[in-house]
Amino acid sequence: MDKRTATLALTGKIREFYRPQAVINSTHQANLIKNSLAYCQVGNATRIEASYLDKAYNETSFDRKAEPGANYLFVEHNEYERYAVVSSFAIIGEEESNLLRNMLYKDVQQNLILAMGSLGIENYLSLYEKYSDNSLENLLDDYSFYLKLKNSLSDLLYARSPCSNSEFEKYFGEKVSKINKKLEGMPISGVSGWGDGGVFKSAVQEVVSGIERSPVLGKVLGMLPEFLNFVFTIKYEDQDIMMNKKILGSFSERLDYTGIMLREYSSGKYFEEYWPCLGPKKQAKVINSIKGVKERRLDHDSFLWAQGFKDVTLDHLNLYKDSAHKFIEYFCNRVSIEDKKTIIRDIMNCDFTNEEVIKWFNDNETDLVREVGLNG
């Protein structure tokens, strides 16, 4: 597929979801062209007269002047004669490449796959297929093995080379014989294992380089960190939550785990399921980030408080202890039944008793109190 056809196919897809961007600054226009993978002008330049120009600038939109398939509009403004010349461009740069990779990960039309290949844009199609059919684990094992080898260069072998087989086995958690067997089964060439003379830094560097050069593993492993973050951002029906938990538990150092957990806290579904996947230090870091969220999630705050994070403020508990009147008003203003159940559950687990509130619950919310009590 030629570059122009590929570019227009991909920018046409982008236009289905995003408006074209108007670019007035000439330096920015030049940089977009200079840094692009591919670009082409679409149609002829058009002149905008003063009356439309004022309206267009006020709306910050020139959409109706964009040619089909164009994702950029270059505007050259002549202030003295009160007109502008607008040119439509289809441009694929780094931003568009990332956008397309994130958009086109499943059920993609063949012409778009060919177009991405023609422009050298990597895609997540094969990785997502493995992720969705539960065959990603073998690749994750290889990735974990590669990371351990790479980390050993700085963690273990930086000060001494060779190290003994027993030292390497202790660091790696595997027998050297088993490591050698795994190397034999990996699609890398020109790599030998380790014998009885110890493990040399140069030999480990050779293996790491061999994996990175491998046409089978190298490219895929290079894309994995971005892909592992990506799977937490796609729509829930396309996610495998059990696999996500494994990924979060094993590769959190390679993930934006605070960003993942903040999204789940604010608008997601699996905050509490993901929480045990993180160790204490990472949990503490997430807590510090969550403290800055203005729109609180009562259910998640209650969960965290119950996990021992008492510095997470639960407004309803403070109200319960300080003012029966304000607490009852707060409770009555909760729309969600689940929020009300959470509040009642927290009150039941509180080491303080507000007799006035308890009496109000017994008089007004008997069924809900009984339901929470029966369900624990």
Side-chain angles (χ1 to χ4, degrees), residues 1-43 60-63 66-76 86-129 131 143 212-215 217-235 238 247 251 253-260 262-263:
M1 185 181 289
D2 64 86
K3 269 195 169 184
R4 181 181 178 87
T5 303
T7 302
L8 288 172
L10 296 174
T11 55
K13 188 65 178 178
I14 291 172
R15 277 289 299 274
E16 291 180 16
F17 302 94
Y18 298 95
R19 292 161 46 176
Q21 299 181 45
V23 183
I24 299 169
N25 183 283
S26 59
T27 302
H28 185 27
Q29 293 172 1
N31 285 334
L32 283 169
I33 297 296
K34 179 182 177 182
N35 297 323
S36 67
L37 290 174
Y39 73 93
C40 61
Q41 184 170 346
V42 186
T60 63
S61 170
F62 293 83
D63 290 11
E67 295 284 347
N71 59 331
Y72 284 92
L73 287 166
F74 286 2
V75 183
E76 297 176 47
V86 178
S87 305
S88 297
F89 279 84
I91 301 177
I92 301 293
E94 183 178 354
E95 181 181 340
E96 289 73 30
S97 297
N98 290 334
L99 182 61
L100 288 163
R101 188 160 36 248
N102 292 345
M103 288 170 55
L104 306 176
Y105 60 90
K106 61 173 273 189
D107 303 328
V108 181
Q109 295 172 332
Q110 188 63 28
N111 70 311
L112 296 177
I113 297 174
L114 291 173
M116 292 180 76
S118 297
L119 300 184
I121 301 173
E122 296 174 339
N123 64 67
Y124 291 145
L125 283 164
S126 62
L127 283 174
Y128 180 77
E129 185 177 359
Y131 168 82
Y143 184 50
E212 292 173 346
R213 292 193 308 267
S214 167
L217 279 179
K219 184 176 180 180
V220 176
L221 293 184
M223 291 178 64
L224 260 181
E226 289 183 3
F227 178 75
L228 296 182
N229 276 293
F230 165 72
V231 296
F232 289 90
T233 67
I234 58 181
K235 52 190 179 182
D238 288 345
I247 291 169
F251 300 100
E253 295 290 351
R254 302 279 162 171
L255 301 173
D256 176 20
Y257 63 87
T258 54
I260 291 168
L262 278 172
R263 280 196 304 273

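These figures come from a predicted structure and were not determined experimentally.
The line from CE of Met103 to NZ of Lys13 is 6.0 Å long, rounded to the nearest 0.5 Å. For the atom pair CZ (Phe230) and CG (Leu127), the distance works out to 10.0 Å, reported to the nearest 0.5 Å. The distance from atom CD of Glu76 to atom CD1 of Ile24, rounded to the nearest 0.5 Å, is 11.5 Å. To the nearest 0.5 Å, the span separating OH on Tyr257 from CG on Asn229 amounts to 12.0 Å. Rounding to the nearest 0.5 Å gives a distance of 7.5 Å between CG of Leu119 and OG of Ser97. One finds the CD1 atom of Ile33 at 9.0 Å from the CD atom of Gln41 (value rounded to the nearest 0.5 Å).
Applying the side-chain contact (heavy atoms from CB on, under 4.5 Å) test between Thr7 and each of Val42, Ile92, Leu37 identifies Ile92 as the sole match. For the side-chain contact (heavy atoms from CB on, under 4.5 Å) criterion with Leu10, the lone passing option out of Leu99, Leu100, Asn71 is Leu100.
Considering only heavy atoms from C-beta on, Leu224 stays 4.5 Å or farther from Phe251 through its side chain. Between His28 and Gln21, every side-chain heavy-atom pair lies at or beyond the 4.5 Å cut-off. Side-chain contact between Phe232 and Ile247 is present, with heavy atoms from C-beta onward closer than 4.5 Å.
Shown here for Glu67 and Ser88, the closest heavy-atom pair between the two residues is N-OG, 3.0 Å. Of all heavy-atom pairs between Arg4 and Cys40, the closest is NH1-CB, 3.3 Å. Scanning both residues, Lys3 and Ala38, for their nearest heavy atoms gives CD-CB, 4.4 Å. Of all heavy-atom pairs spanning Ile91 and Glu96, the tightest one is O-CG, 3.5 Å. For the residue pair Gln29 and Val23, the shortest heavy atom distance occurs at NE2-O, 2.7 Å. Here the closest non-hydrogen pair linking Pro225 and Gly222 is CD-O, 3.6 Å.
Among residues two or more places apart in sequence or in another chain, the side chain to side chain donor-acceptor pair (under 3.5 Å) test is passed with Thr5 by Asp2.
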Handout entry: Verdict with supporting geometry, Asp256 and Thr258, side-chain contact (heavy atoms from CB on, under 4.5 Å)
Key = CA-CA 6 Å; Asp256 176 20; Thr258 54; 3.3 Å; yes
Could you give me the CA-CA distance, side-chain angles and deciding distance for Leu104 and Leu125, then say whether side-chain contact (heavy atoms from CB on, under 4.5 Å) is met? CA-CA 8 Å; Leu104 306 176; Leu125 283 164; over 6 Å; no
Worksheet item: When you look at Tyr143 and Arg254, which way does the side-chain contact (heavy atoms from CB on, under 4.5 Å) test go after all the steps?
Response: CA-CA 11 Å; Tyr143 184 50; Arg254 302 279 162 171; 3.7 Å; yes
Check the pair Tyr72 / Thr11 against side-chain contact (heavy atoms from CB on, under 4.5 Å), numbers first and verdict last.
CA-CA 9 Å; Tyr72 284 92; Thr11 55; over 6 Å; no
CA sep, side-chain torsions, deciding dist, call: Tyr131, Tyr124, ring-ring contact (aromatic ring centres under 6.0 Å, His included):
CA-CA 10 Å; Tyr131 168 82; Tyr124 291 145; over 10 Å; no
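Proximity of a side-chain donor or acceptor of Arg15 to a complementary backbone N or O of Ala70 within less than 3.5 Å is detected.
Between Phe89 and Tyr39, the angle of the ring planes lies from 30° to 60°, which puts this pair in the tilted group.
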Would you be so kind as to tabulate the donor-acceptor pairs closer than 3.5 Å made by side chains of residues 108-117, with sequence neighbours excluded?
none

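By the 6.0 Å contact criterion, NZ on Lys219 is open, its count of non-hydrogen atoms from other residues, nucleotides or ligands being 12 or less.
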